[in-house]
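Accompanying notes for the structure given below.
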Amino acid sequence: MDYFMSVLIPMVEGLGVTLSVFAITLVASIPLGFAFTLMARSRIKIVKGFAEVYIYILRGTPLLLQLLFVYFGLPLIPGIGPFLTFNRFPAACIAFGLNYAAYFAEIFRGGLLAIDKGQYEAAKVLGLTKAQTMIRVVIPQMIRVCLPSVSNETITLVKDTALVTIIGVAEVLHYAKAAVNRDGNTFAFLVAAGIYLIINFFITLVFKKLEKKYDF
Amino acid sequence: MNQVIKVTNLNKSFEDNHVLKDISFEVNQGDVVAVIGSSGSGKSTLLRCLIDLEKADGGTITMDGQDLLRDGNFAPPAKTREIIGKMGMVFQHFNLFPHLTVRQNLELAPKIVRKQDTGAMVKHTGALLGKVGLEDKIDAMPGTLSGGEKQRVAIARALMMEPDILLFDEPTSALDPELTGEVLNVMQELAEEHMTMVVVTHEMGFARSVANKVLFMDGGIILEEGTPEAIFEHPKSERTKEFLQSITRKE
Ligand SMILES: Nc1ncnc2c1ncn2[C@@H]1O[C@H](COP(=O)(O)OP(=O)(O)OP(=O)(O)O)[C@@H](O)[C@H]1O
Ligand SMILES: [Mg+2]
């Protein structure tokens, strides 16, 4: 029991960092992703092209590579490098936020495609503006369509936060690895696994609730 | 008589498919115009051009003396909104907002477009749902309603914006035959209250007994136009006769 506590207590500190990376990424990448969705549907070619290329690159390369690029790569760019130098934690959040925005953009794009053209037409003949139609009619229906995929992506995000240990951010896995190396047994890995499972248990619960709420 | 819609030489193509060919007609205040014709003749496209869901290529559309389209030039967006704001439209597939209750479906536009105050709006909602016979469904979700009920809600929703003109595109075509009556009854009541309506329909009974004017469309033109009597009892053209025969055979 004492050993369990000695492994767990530092990990709780790491848990705070894990949850911070998770929460900041989620809060930043959902609106950013939706912005990319709208850009990818834009009639302005250059805007549309930019969004499509962005989504393609960020989804087509490893998140780990992107993480290393933001932390180690950006500062090395001649000229602007010094302005793109971030500490470990912000670098992790930036890489994750940008990456997940691309995934969410793709999810939302699919969600919008699922909405019947008749919904836009009904809103138009009732006098709603384009913005009112988006906010009052389209987005609520898009949310319902997207919830299962968003739920999936969110669970993946929890697990992906473990990657930030590579640039030295002291999250759950960072402490687990330290304990395993120090004590020569795998117990700390099991504790870490338990922590991720508990987080995802609550996330699944929240999305079940949301899906019920958006079940019309 | 007060003219509310005047269409002159309206043309519309989808790529090289010339769908509306020099269409001209007029609608007077209180008219119930039935637009009939075979599939693909351009009925829906015509209706959709009137309310800016399709952009015509040429011609003139005047509503209540204001030009939505003048010789192929569109009114500016703000003017267009104002002009089409005088019309309501009822669709074949209802297009209710599935995430909103019946009440919210009715009240969404008055609330956010008209910024109407709640007291007056709530009364209006109750009155219109009463009119279509659905007071008890006020808190229902659209998904729980029958097709006929959905279409009656859609009519009430259009009426909430107090339109001068109501457009219907095959309002009963998606319904089971036994549910068309309840929708047609509501439409007949509106006609009796002198609501101006343009109705694309395959319901010849409705066209004959409720409309005061019938347009028969064929291949993108209005081939024949007249009172129901003239069209149904004394059709002039062979095509009209053929169409009426084929449709009565089906019925
Ligand atoms: N959005 C569109 N894009 C391309 N072609 C279209 C479009 N809408 C209609 N058409 C074509 O225009 C022609 C007229 O169609 P429209 O829907 O107006 O006919 P309709 O008389 O309403 O027929 P129905 O009785 O089947 O509803 C058809 O050939 C159709 O394929
Ligand atoms: Mg049609």
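Naming convention: chains lettered A, B, ... in sequence-line order (proteins, then strands); numbering from 1 in each chain.
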salt_bridge(B:Glu189, B:Lys131) N-O dist < 4.0 Å: no

Under a 4.5 Å heavy-atom cut-off, does chain A meet the side chain of B:His93, its backbone, both or neither? neither

Out of B:Ala158, B:Ala109, B:Gly85, B:Pro98, which one racks up the most heavy-atom pairs below 4.5 Å with chain A? B:Pro98

Which word best sums up how the rings of A:Tyr103 and A:Tyr100 line up, parallel for under 30°, tilted for 30 to 60°, or perpendicular for over 60°? tilted

Among B:Arg81, B:Met161, B:Met87, who wins on heavy-atom pairs under 4.5 Å with chain A? B:Arg81

Among B:Leu96, B:Thr101, B:Leu100, which has the most heavy-atom pairs under 4.5 Å with chain A? B:Leu96

With only heavy atoms counted, which part of B:Phe97 is less than 4.5 Å from chain A, the side chain, the backbone, both or neither? both

Centroid-centroid distance, A:Phe86 to A:Tyr71, less than 6.0 Å: no

Per-residue contact mode, B:Ile112 against chain A (heavy atom under 4.5 angstrom): both

Greatest number of heavy atom pairs closer than 4.5 Å to chain B - which of A:Leu126, A:Asp215, A:Asp116, A:Leu128: A:Leu126

Closer than 4.0 angstrom, basic N to acidic O: yes or no for A:Arg109 and A:Glu106? yes

Plane angle bin for B:His99 and A:Phe216 - parallel if under 30°, tilted between 30 and 60°, otherwise perpendicular: tilted

With a 4.5 angstrom heavy-atom cut-off, which part of B:Arg48 approaches chain A: side chain, backbone, both or neither? side chain

Within the distance-only criterion (no hydrogens, no angle test), does the side chain of B:Asp57 pair as donor or acceptor with the backbone N or O of B:Ser13 below 3.5 angstrom? yes

